[in-house]
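Data block below; observations after.
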2 protein chains.
Amino acid sequence: MLKLSKKADYGLMALQHIASNQYGDVAQARVVNTKEIAEEYHIPVELLAKVLQTLSKSGIIESHNGPKGGYLLGKNPREITIAHVLESLEGPLGIMDCSHEKDGDACMQREHCNIRTPLLKIQSSIYQLLNNMTLQDMMGGTPLITIQSVATEQQGVER
Amino acid sequence: MLKLSKKADYGLMALQHIASNQYGDVAQARVVNTKEIAEEYHIPVELLAKVLQTLSKSGIIESHNGPKGGYLLGKNPREITIAHVLESLEGPLGIMDCSHEKDGDACMQREHCNIRTPLLKIQSSIYQLLNNMTLQDMMGGTPLITIQSVATEQQGVER
DNA sequence: ATGGTCTCCGATCAAAACAGTCGTATAAAA
DNA sequence: TTTTATACGACTGTTTTGATCGGAGACCAT
């Protein structure tokens with residue numbers, strides 16, 4: 001349950017790879033292309049291309065056309081949240097159909113629905129979790145976000 | 001993204017309904033059948049039946065056959081976690097394919113995978129969230145679990 | 001005791017979402 | 001101008017999901 005799509009998997013892998021080449025040991029920023037990533041992680045080139053195009057449209061990465069072209073991060077890894085990446089590739093977070101619908105929608109159960117409120121609470125918690133973890137946190141041996149830090153974040157404490 | 005299946009939605013609604021009739025205002029425990037729930041929330045009878053059967057197998061509810069039959073909760077609402085309900089209906093929680101696989105599995109990216117560890121961390125956090133919220137929390141006006149309480153829970157504090 | 005009714009139960013079918021593929025167009029560097 | 005890269009759209013096969021059907025078993029009234 002709650003499985004991420006392949007697009008999301010591939011997207012995150014690619015971002016981690018791009019970030020490593022741009023901010024990693026090698027001081028020089030290096031443009032990396034689709035084919036290189038696809039071969040490194042054994043994923044279909046065309047599908048990865050589509051994923052990268054989507055990320056590019058969202059401003060998460062920027063594309064450079066032509067020979068020696070490829071992709072670079074569009075922002076600092078600290079500013080790229082997992083939530084933004086996933087929403088870009090899979091659409092807005094919504095654990096149920098009526099998460100983002102307006103009043104008078106097509107949900108037959110709406111008026112008698114007894115689980116909407118608590119589920120929205122869960123959804124909000126998951127979103128906070130994903131929104132407080134960045135690409136930076138996924139790189140290197142950097143310690144990941146903990147539940148505690150999510151809690152403090154909710155209280156308005158800066159990271 | 002991360003949308004729950006209809007089965008999960010229906011299951012949670014039904015459980016809330018059963019619990020309300022068993023532990024609600026009416027002191028007398030009342031057996032409620034599939035048809036009644038289906039009509040109340042406008043969901044297909046047969047599909048709901050299947051969902052309830054699954055929940056019954058998991059011991060979350062218990063079935064009573066024959067006329068005047070139906071379902072009752074198998075445990076106290078405090079002991080029925082959302083995680084257990086969802087896993088019963090949708091299979092084990094796994095935000096990626098390789099969440100529960102053994103070594104030497106079919107994941108082509110496994111050896112070069114750079115996102116497995118952080119994603120497992122996220123998965124673990126989500127699981128804690130779902131495992132610390134019970135059917136009791138979903139009933140009535142009872143305050144729901146908060147992020148803070150999840151954090152304290154992780155530190156071993158009793159609810 | 002037995003028939004009838006009501007329920008749970010297992011197998012089956014159709015629709016939708018997803019992963020992956022193909023071909024072509026466009027843009028930049030050599 | 002040729003090469004090499006991304007950008008874009010349409011298409012196909014597969015998996016998952018949602019929904020449906022017919023049957024088997026249990027209870028209650030007669």
Side-chain angles (χ1 to χ4, degrees), chain A residues 1-11 13-14 18 30-39 41-72 74 86 89-92 94-97 106-109, chain B residues 1-11 13-14 18 30-39 41-72 74 86 89-92 94-97 106-109:
Chain A
M1 69 186 245
L2 293 181
K3 197 173 68 177
L4 259 45
S5 70
K6 295 283 183 190
K7 286 184 190 173
D9 289 346
Y10 297 161
M13 283 193 242
I18 295 173
R30 198 171 78 81
V31 181
V32 30
N33 64 18
T34 308
K35 189 180 169 190
E36 173 186 331
I37 302 176
E39 288 177 351
Y41 300 100
H42 302 92
I43 55 188
V45 195
E46 297 84 1
L47 184 55
L48 178 62
K50 240 182 159 174
V51 168
L52 293 178
Q53 287 162 26
T54 305
L55 291 177
S56 176
K57 276 188 180 176
S58 302
I60 295 171
I61 57 178
E62 52 188 34
S63 70
H64 292 270
N65 224 335
K68 297 282 182 182
Y71 293 95
L72 284 175
L86 295 184
L89 294 172
E90 296 194 336
I95 63 175
M96 51 190 165
D97 292 333
C107 179
M108 271 300 138
Q109 295 87 20
Chain B
M1 68 186 244
L2 294 180
K3 197 174 68 176
L4 258 44
S5 69
K6 294 281 183 191
K7 286 183 191 174
D9 290 345
Y10 297 161
M13 283 192 242
I18 295 173
R30 198 170 77 81
V31 181
V32 31
N33 63 19
T34 307
K35 189 180 170 190
E36 172 185 332
I37 303 176
E39 288 177 351
Y41 301 101
H42 302 92
I43 55 189
V45 195
E46 297 84 0
L47 184 55
L48 176 62
K50 208 176 169 184
V51 167
L52 294 178
Q53 287 161 27
T54 305
L55 292 177
S56 176
K57 276 189 179 177
S58 302
I60 295 171
I61 56 178
E62 53 188 34
S63 70
H64 293 270
N65 223 335
K68 298 283 183 182
Y71 292 96
L72 283 175
L86 295 184
L89 293 172
E90 296 194 336
I95 62 175
M96 52 191 163
D97 292 334
C107 178
M108 272 299 140
Q109 295 88 17

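Computed from a predicted structure; not experimentally measured.
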### Query
How is Lys35(A) classified with respect to the nucleic acid when contacts are heavy atoms under 4.0 Å: base, sugar-phosphate, or nothing?
nothing
### Message
If you assign Gly66(A) and Ser56(B) each to the DNA chain C nucleotide with the nearest heavy atom, which residue ends up on the more 5' nucleotide?
### Response
Ser56(B)
### Query
dT6(D) P sits how many Å from Lys57(A) NZ, rounded?
16 Å
### Query
If you check every side-chain atom of Tyr71(B), which of dA7(D), dC9(C), dG20(C) has the closest atom?
dC9(C)
### Query
Taking CD1 from Ile43(B) and P from dG18(D), how many angstroms apart are they, rounded to a whole number?
12 Å
### Query
Roughly how many Å is it from CG in Leu52(A) to P in dC8(D), rounded to a whole number?
13 Å
### Query
Taking the side chain of Leu47(A) as its heavy atoms from C-beta onward, which of dG20(C), dT3(D), dT6(D) lies nearest to it?
dG20(C)
### Message
Which nucleotide wins on minimum distance to the side chain of Asn65(A), given the candidates dG18(D), dT21(C), dA27(C)?
### Response
dA27(C)
### Residue pair Tyr10(A) / Leu52(A), side-chain heavy-atom distance below 4.5 Å
no
### Message
Output the rounded distance in Å from CG (Leu4(A)) to P (dC18(C)).
### Response
12 Å
### Query
Lys50(A) has a side chain; which of dG10(C), dC8(C), dT21(C) sits nearest to it?
dT21(C)
#### Entry: From dA7(D), dC21(D), dG10(C), nucleotide with atom closest to Gln53(A) side chain
dA7(D)
#### Entry: Spacing between Leu89(B) atom CG and dT17(D) atom P, to the nearest angstrom
12 Å
#### Entry: Proximity to the side chain of Pro67(A) - top-ranked nucleotide from dT21(C), dT4(D), dG18(D)
dT4(D)
### Query
Counting just side-chain N and O atoms, does Ser63(A) come under 4.0 Å of either OP1 or OP2 of dA7(D)?
yes
### Message
Taking 4.0 Å as the cut-off, does a side-chain nitrogen or oxygen of Tyr10(A) come that near to OP1 or OP2 on dC18(C)?
### Response
no
### Task
Taking only the side-chain nitrogens and oxygens of Thr34(B), find out if one of them lies under 4.0 Å from OP1 or OP2 of dC8(C).
yes
### Message
Regarding Lys3(A), tell me which of base, sugar-phosphate or nothing describes its non-hydrogen contacts under 4.0 Å with the strands shown.
### Response
nothing
### Task
To the nearest Å, give me how far apart CG (Leu48(B)) and P (dT7(C)) are.
13 Å
### Query
Is there side-chain contact between His64(B) and Leu72(B), with heavy atoms separated by less than 4.5 Å?
yes
#### Entry: Heavy-atom closest pair, residues Val31(A) and Lys68(A)
CG1-O, 4.2 Å
### Message
Looking at dA17(C), I'd like to know if its phosphate oxygens (OP1 or OP2) sit under 4.0 Å from a side-chain N or O belonging to Lys6(A).
### Response
no
### Message
Please find the pair of heavy atoms, one from Thr34(B) and one from Leu48(B), that lie closest to each other, and give the distance.
### Response
O-CD2, 3.6 Å
### Query
For Ala8(B), does its backbone N or O pair with a side-chain atom of Glu90(B) as donor and acceptor, under 3.5 Å?
no
### Task
For Asn33(B) and for Glu46(B), find the nucleotide of DNA chain C with the closest heavy atom, then tell me which residue's nucleotide is more 5'.
Asn33(B)
### Message
Between Leu4(A) and Leu2(B), does the side-chain contact (heavy atoms from CB on, under 4.5 Å) criterion hold? Intermediate values first, please.
### Response
CA-CA 7 Å; Leu4(A) 259 45; Leu2(B) 294 180; 3.6 Å; yes
### Query
Just how far, in rounded Å, is C1' of dT17(D) from CG of Leu2(B)?
17 Å
### Query
How many Å lie between CD on Glu36(A) and P on dT6(D), as a whole number?
10 Å
